[in-house]
Participant: 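First the structure, which I've put down as structure tokens, then a few questions once you've had a look.
All values below come from the heavy atoms of this structure, side chains included, with hydrogens, waters and symmetry mates left out.
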Protein chains: 2
Amino acid sequence: MRAAKPQYDVFQAIADPTRRELLKLLADRELPVTAISVRFPMSRTAVSKHLRVLSEAGLVKGRKSGREMRYRLEPEPLLELKRWLAYYERFWANKLAALQRYVETKDDAAGGEEEQSGANF
Amino acid sequence: MRAAKPQYDVFQAIADPTRRELLKLLADRELPVTAISVRFPMSRTAVSKHLRVLSEAGLVKGRKSGREMRYRLEPEPLLELKRWLAYYERFWANKLAALQRYVETKDDAAGGEEEQSGANF
DNA sequence: ATTATGCGAAACCATTTGGTTTCATATCGC
DNA sequence: GCGATATGAAACCAAATGGTTTCGCATAAT
């Protein structure tokens with residue numbers, strides 16, 4: 001189903017704060033362009049262009065309803081982000097574990113996997 | 001003194017594929033700039049500029065060691081991303097169980113997606 | 001002391017980005 | 001049919017972005 005290579009990926013798409021707001025707005029509603037654009041301090045055309053970026057990233061989908069185009073969230077591509085992020089969980093997990101050991105002051109922690117990284121906590 | 005307001009946030013910082021590669025590279029090693037830059041198809045100065053963006057976003061920290069500057073990952077700001085993403089979990093939870101299972105089974109690395117312009121290593 | 005190395009700042013450049021205004025087209029209401 | 005409304009495409013523009021080369025300055029090595 002991977003169709004043509006989109007020129008915007010999810011990382012680029014969410015980099016812009018306006019587009020993140022659009023995602024939030026369309027998360028649970030489906031809205032036509034004009035209704036969307038009145039909420040933003042820019043022209044309808046500018047909003048339309050942001051919607052196109054989101055659409056190319058697969059984060060939003062529009063369907064035509066009469067003369068209006070109604071957009072809604074399409075959350076699937078966020079899984080790519082989630083997966084990317086998952087890789088780094090272990091790196092802050094170490095730090096949080098160190099913090100937790102400190103807070104708990106219990107005797108359970110078996111081995112200290114302390115790296116030389118210079119404790120920030 | 002409170003540091004100046006960073007002009008790059010985590011969303012912008014990770015939008016660039018080179019910078020995502022930098023994060024991955026620096027995740028478990030601490031490396032000086034030249035050692036980093038030889039792995040990228042661009043000048044040392046360009047890499048240095050990417051490191052500065054990451055540094056402003058708090059994703060990387062450099063410490064001077066002699067005449068070299070050694071950078072390493074600073075994962076905390078990724079928590080902001082995680083929090084942002086968490087908001088949308090409920091939207092894919094309903095309809096995307098199958099896809100999520102698919103993702104989770106291959107969840108062992110974050111290295112799947114980086115299509116760096118022109119050069120693989 | 002002199003040379004070599006590691007790094008970032010500066011100046012510069014091309015392309016992309018985020019916005020605008022204008023225009024063409026499709027559809028709705030009358 | 002005709003005017004009003006909804007939308008996207010196009011042309012345009014300023015600023016940001018991602019890269020380059022050049023340069024100056026610390027620090028290391030000889």
Participant: Are E30(B) and R63(B) close enough for a salt bridge, meaning some N to O gap below 4.0 Å?
Facilitator: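 Judged by the 4.0 Å cut-off on N to carboxylate O distance, E30(B) and R63(B) do form a salt bridge.
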Participant: Considering only heavy atoms from C-beta outward, does the side chain of I14(A) approach that of L59(A) to under 4.5 Å?
Facilitator: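 Counting from C-beta outward, I14(A) and L59(A) do come under 4.5 Å.
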Participant: Indicate whether OP1 or OP2 belonging to dG6(C) is found under 4.0 Å from a side-chain N or O atom of R70(B).
Facilitator: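 Answer is no, no contact under 4.0 Å.
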Participant: Would you kindly give the CZ-to-P distance between R63(A) and dT7(D), to the nearest whole Å?
Facilitator: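 Roughly 13 Å, once rounded to whole Å.
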Participant: Atom CG in L79(A), atom CH2 in W84(A): separation rounded to 0.5 Å?
Facilitator: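 If we round to the nearest 0.5 Å, L79(A):CG and W84(A):CH2 are 15.5 Å apart.
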Participant: Could you tell me how far apart H50(A) (NE2) and dT16(C) (C1') are, to the nearest whole angstrom?
Facilitator: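 In whole Å, dT16(C) C1' lies 14 Å from H50(A) NE2.
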Participant: Quick one: R19(A) CZ to dG18(C) C1', roughly how many Å, whole number?
Facilitator: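 Result: 9 Å.
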Participant: If you compare every side-chain N and O of R52(A) against the phosphate oxygens of dT7(D) (OP1, OP2), does one of them come in below 4.0 Å?
Facilitator: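 So the side-chain polar atoms of R52(A) never come under 4.0 Å of the phosphate oxygens OP1 or OP2 of dT7(D).
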Participant: Counting primed atoms plus P, OP1 and OP2 as sugar-phosphate and everything else as base, spell out the protein contacts along nucleotides 20-30 of chain C at 4.0 Å heavy-atom distance: B, S or - for each nucleotide, 5' to 3'.
Facilitator: BBB---SBB--
Participant: Send over the distance from E56(B) CD to dT17(D) P, rounded to a whole Å.
Facilitator: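 For the pair E56(B) CD and dT17(D) P, the rounded distance is 10 Å.
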Participant: Run the side-chain donor-acceptor check on residues 44-55 of chain A: report pairs under 3.5 Å with partners two or more places apart or on a different chain.
Facilitator:
| unit_1 | atom_1 | unit_2 | atom_2 | d |
| --- | --- | --- | --- | --- |
| H50(A) | ND1 | R19(A) | NH1 | 3.1 |
| R52(A) | NH1 | E56(A) | OE2 | 2.9 |

Participant: Are the charged groups of E80(B) and K82(B) less than 4.0 angstrom apart, N to O?
Facilitator: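 The answer is no: the pair does not qualify as a salt bridge.
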Participant: What is the distance, rounded to the nearest whole Å, between atom CG of L51(B) and atom C1' of dG19(D)?
Facilitator: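 Taking CG of L51(B) and C1' of dG19(D), I get 15 Å after rounding.
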Participant: How many Å lie between CZ on R20(A) and P on dG18(C), as a whole number?
Facilitator: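 Going from CZ in R20(A) over to P in dG18(C) covers 11 Å.
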Participant: Could you give the CZ-to-C1' distance, from F11(A) to dT17(C), as a whole number of Å?
Facilitator: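 Whole-Å distance recorded here is 20 Å.
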Participant: With rounding to the nearest 0.5 Å, note down the distance linking CZ in F91(A) to CG in L73(B).
Facilitator: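 That separation rounds to 6.5 Å.
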Participant: It should be established whether S48(A) places a side-chain nitrogen or oxygen under 4.0 Å from OP1 or OP2 of nucleotide dG8(D).
Facilitator: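 Yes, because at least one side-chain N or O of S48(A) sits under 4.0 Å from OP1 or OP2 of dG8(D).
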Participant: Within the pair Y8(A) and dT16(C), is there a side-chain N or O less than 4.0 Å away from OP1 or OP2?
Facilitator: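 Answer is no, no contact under 4.0 Å.
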Participant: Roughly how far apart are R72(B) CZ and L23(B) CG, rounded to 0.5 Å?
Facilitator: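 It is 13.5 Å, given to the nearest 0.5 Å.
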Participant: Between Q12(A) and dT17(C), is there a side-chain N or O to OP1/OP2 distance below 4.0 Å?
Facilitator: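 Q12(A) to dT17(C) OP1/OP2: side-chain N or O found under 4.0 Å.
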Participant: Taking only N and O in the side chain of Y71(B), is any of them less than 4.0 Å away from OP1 or OP2 of dG6(C)?
Facilitator: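 So the side-chain polar atoms of Y71(B) never come under 4.0 Å of the phosphate oxygens OP1 or OP2 of dG6(C).
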Participant: Rounded to the nearest Å, what distance is computed from the CG atom of residue D9(A) to the P atom of nucleotide dT17(C)?
Facilitator: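 D9(A) atom CG is separated from dT17(C) atom P by 10 Å.
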